[in-house]
Undergrad: 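Structure in structure tokens, see below.
From a predicted model like this one, the values you see are computed outputs, not experimental measurements. Residue numbering restarts at 1 for every chain, and letters A, B, ... go by the order of the sequence lines.
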Amino acid sequence: MNKEKFYITTPIYYVNGEPHIGSAYTTIAADVLARFHRMKGEEVFFLTGTDEHGTKIAQAAQEQNITPQEFVDIISSKYQMAWDVLDISNDDFIRTTSSKHKDLVKFFVTKLKEVGAIYEGEYEGLYCVGCEKFLTEKELVNGECPDHKKRPELIKEKNYFFNLKKYLPEVEKRIDSGEIKILPEKIKKEVLGLFKQGLNDFSVTREKVKWGIEVPFDSSQVVYVWADALLNYITALGYGSKDDLLFRKFWPANIHLMAKEIIKFHAIFWPAMLLAVGEELPKTIFAHGFFTVDGQKMSKSLGNAIDPMELVKQFGSDATRFLLLSQFPFGSDGDVKVGNFAIQYNSDLANGIGNLTSRVLSMAEKYFPANDGSHAKGGQGASGGLVPERDSELAEPVKIIWQEFEKAMESFEVDKVIEAIKKLNGLCDSYVEDNKPWQLAKDDQEKLAKVIYNLLEALRHLGVMLYPVMPQASQKILESLGKGDFTSIKLSDLQNWGRLQSGTKVVKVDALFPRMQ
RNA sequence: CGCGGGGUAGAGCAGUUGGCAGCUCGGCGGGCCCAUAACCCGCAGGUCGCCGGUUCGAGUCCGGCCCCCGCAACCA
């Protein structure tokens, strides 16, 4: 039987700055989906990376007196370290300055020329000699370049243009019909609106830009951003090379995930380019929303950008993942109150999941102590408990929560995934109160055994459910139940009630999420 | 008349096909004692932006108005 495949991507991030909360948000969300699909037993390829060409990069490097390559090496490695710290499980990390990518982009551009999808034209724009780049109206202050206080010149240069107009009707049709799913629905509307407004052919090369991939058939030109960056999704898979096994296996992408500002390029330009060369189109393109911080748009100039690495320092990787994803519905914009992170950490994680884990394991240990003496050596929590007789009183409600959880995952509603987790947490807390194990310990051993079993088994389910969002906590919970490694077991099996064997030794863990003061 | 989103309890948000207005946090009161001073229960009563309309009945449909915000006119 062929395993189902799942190919998920984030955008490649532009290395003009270090990882920020937006890129972290996208990447964490993608990681959650990737982990979930792996749990389902699918063959997953999860790609992220960095976009490293362009004038801005060359300038930034010059300011620091290093070569552009040195500059991008530094920033790119910061992204890789950040994702490492955040437990991102990407299968590859593509860099647009890698020789593989560069070769395949050249191949692609040549192919565009061969099929007649590009033509020579003239680009006219406002050029600042000081910046050595074209400026947009938006960048100008009183009609002047803000950096050099000079009016930019209106100049023309040779460019190759992609014949977008030729492919627009087909792309529109595929989007409208849902062959390419654009999500959420409102973004789809917006994209369809763009067609009505009309779109122009776009440059795929530039003459004045120096830091980029040289156009193979015209050395005066360098490949311009979209024909470079977007290609990462297939060059990473070896498209156009001898070794294109991954490409044939994983393309088309199941989902391109991104923030909404680049939806146009992904929903329109990218499919059009793929059509031009006769390749399949991505199945789903999902654009999530933007953060505002305390009501204001996040920006470097305002100095209100949230550094994801600071969050990790404060809360840890798991909690950072959880907190970012639970701020607002995935796909909408949302405001983040910086002060709320700690409050929410305490309520959902310390008092919620952490406390539940702690109370359940404590009771197991207290009421059903293991007496084989083979405890963890040294350290605290060296005692252990045994799982008592099984019971299925919680099986049904847990099953329903699993259904909600999966539905949320399948529809990319990451925030609702978190709701499901919280619901299971709440179910367990209520169950404790309803059954009062400390009472049963005095007068009903038989029922006590069932109640504790149910709690331990529910905790196991929680541990599994936590895996996509908070892999570390998941691991700790499952280890404490003697179920550390479950990656080879399919989710559908893990979801069965009663997998936890009676008599299994459980070991209390240190606080999963220490309370913040 | 560029495109799109939104205005619901102190705050942040849910509200599918119209039918007693919900969730989380905070606040107040009670309970419990297994647990990370955690947990459970109850309460707190918001003209659902404004004005009309359709309907037995409208945050939920229609029309108009006011106010926020995002995207866009080839920034990566």
Side-chain angles (χ1 to χ4, degrees), chain A residues 11-17 51-57 123-125 133-139 159 161-162 164 184-204 206 209 224-226 228-229 260-265 269 287 289-290 292 295-297 326-329 331-337 339-340 343-344 346-367 415-416 418-419 422-423 425-426 428-441 451-452 455 508 510-516:
Chain A
I12 48 175
Y13 303 108
Y14 199 52
V15 291
N16 62 347
D51 178 15
E52 309 182 1
H53 290 126
T55 312
K56 277 188 186 173
I57 302 302
Y123 171 76
E124 188 180 75
K133 70 171 180 180
F134 288 98
L135 300 174
T136 58
E137 299 279 356
K138 229 193 286 185
E139 287 175 301
N159 275 191
F161 283 81
F162 177 75
L164 180 66
E185 196 60 31
K186 65 179 178 188
I187 298 287
K188 177 177 175 178
K189 274 191 207 163
E190 230 170 276
V191 170
L192 288 172
L194 292 175
F195 287 99
K196 294 200 191 81
Q197 290 176 54
L199 291 152
N200 292 321
D201 294 347
F202 59 90
S203 314
V204 292
R206 278 290 158 88
V209 176
Y224 190 54
V225 56
W226 298 112
D228 174 359
K260 65 184 181 183
E261 83 277 17
I262 49 177
I263 188 68
K264 179 170 112 185
F265 309 105
F269 290 13
F290 283 155
T292 54
Q296 283 190 301
K297 188 170 174 173
S326 58
Q327 291 307 306
F328 47 82
S332 318
D333 294 339
D335 190 43
V336 174
K337 301 268 184 252
N340 278 359
I343 292 168
Q344 204 189 340
N346 277 341
S347 92
D348 289 341
L349 298 178
N351 301 348
I353 292 164
N355 182 243
L356 176 73
T357 304
S358 170
R359 68 196 304 208
V360 169
L361 292 175
S362 290
M363 285 189 280
E365 178 179 280
K366 188 165 182 173
Y367 302 134
D415 53 300
K416 288 193 177 161
I418 285 176
E419 287 307 311
K422 291 204 280 198
K423 202 164 167 183
N425 190 154
C428 294
D429 275 329
S430 301
Y431 187 75
V432 174
E433 299 301 327
D434 291 346
N435 289 286
K436 300 185 177 31
W438 50 93
Q439 280 292 346
L440 298 174
V451 168
I452 297 300
L455 285 169
K508 203 178 167 186
D510 292 338
L512 246 34
F513 302 103
R515 197 179 160 77
M516 309 280 268

Undergrad: How does protein contact run along nucleotides 33-44 of chain B, one letter per nucleotide 5' to 3', with B for base contact, S for sugar-phosphate only, - for none, heavy atoms under 4.0 Å?
TA: SBBB-SBS----
Undergrad: Dot-bracket, RNA chain B: Watson-Crick or G-U, under 3.5 angstrom, [ ] crossing, | other strand?
TA: .((((((..((((.....[..)))).(((((.......))))).....(((((..]....))))))))))).....
Undergrad: Mind checking what makes ring pair (Phe, Tyr, Trp, His ring centres under 6.0 Å) contact with Tyr224(A), not counting sequence neighbours?
TA: none
Undergrad: Once side-chain hydrogen bond (donor to acceptor under 3.5 Å, both in side chains) is applied, do any residues pair with Ser362(A), and if so which ones, sequence neighbours excluded?
TA: Lys508(A)
Undergrad: Of all residues at least two apart in sequence or in a different chain, which pass the ring pair (Phe, Tyr, Trp, His ring centres under 6.0 Å) check with Phe265(A)?
TA: Trp226(A), Phe269(A)
Undergrad: Under 3.5 Å, which protein N or O atoms sit close to an N or O of nucleotides 4-7 of chain B? Give each pair with its distance.
TA:
{"residue": "rG4(B)", "atom": "O2'", "partner": "Glu190(A)", "partner atom": "OE1", "Å": "3.4"}
{"residue": "rG5(B)", "atom": "OP1", "partner": "Lys189(A)", "partner atom": "NZ", "Å": "3.3"}

Undergrad: Lys423(A): which residues meet the side-chain hydrogen bond (donor to acceptor under 3.5 Å, both in side chains) condition with it, sequence neighbours left out?
TA: Glu404(A)
Undergrad: If the condition is salt bridge (Lys or Arg N to Asp or Glu O under 4.0 Å), which residues does Lys416(A) pass it with, not counting sequence neighbours?
TA: Glu413(A)
Undergrad: What pairs with Asp201(A) under side-chain contact (heavy atoms from CB on, under 4.5 Å), at least two apart in sequence or on another chain?
TA: Tyr119(A), Phe161(A), Asn163(A), Leu164(A), Lys165(A)
Undergrad: Using atom C1' of each nucleotide, how far apart are rC67(B) and rG29(B) to the nearest Å?
TA: 39 Å
Undergrad: Extract all donor-acceptor atom pairs below 3.5 Å that involve side chains of residues 353-360 of chain A and protein atoms in other chains or at least two apart in sequence.
TA:
{"residue": "Thr357(A)", "atom": "OG1", "partner": "Ile353(A)", "partner atom": "O", "Å": "2.8"}
{"residue": "Arg359(A)", "atom": "NH1", "partner": "Asp429(A)", "partner atom": "OD1", "Å": "2.6"}
{"residue": "Arg359(A)", "atom": "NH2", "partner": "Glu433(A)", "partner atom": "OE2", "Å": "3.0"}

Undergrad: Can you work out whether Tyr224(A) or Lys260(A) has the more 5'-proximal nearest nucleotide on RNA chain B?
TA: Lys260(A)
Undergrad: Just jot down the ring pair (Phe, Tyr, Trp, His ring centres under 6.0 Å) partners of Tyr13(A), sequence neighbours excluded, or say none.
TA: Tyr79(A), Trp83(A)
Undergrad: Mind checking salt bridge (Lys or Arg N to Asp or Glu O under 4.0 Å) for Glu419(A) and listing every partner two or more places apart, or none if nothing turns up?
TA: Lys422(A)
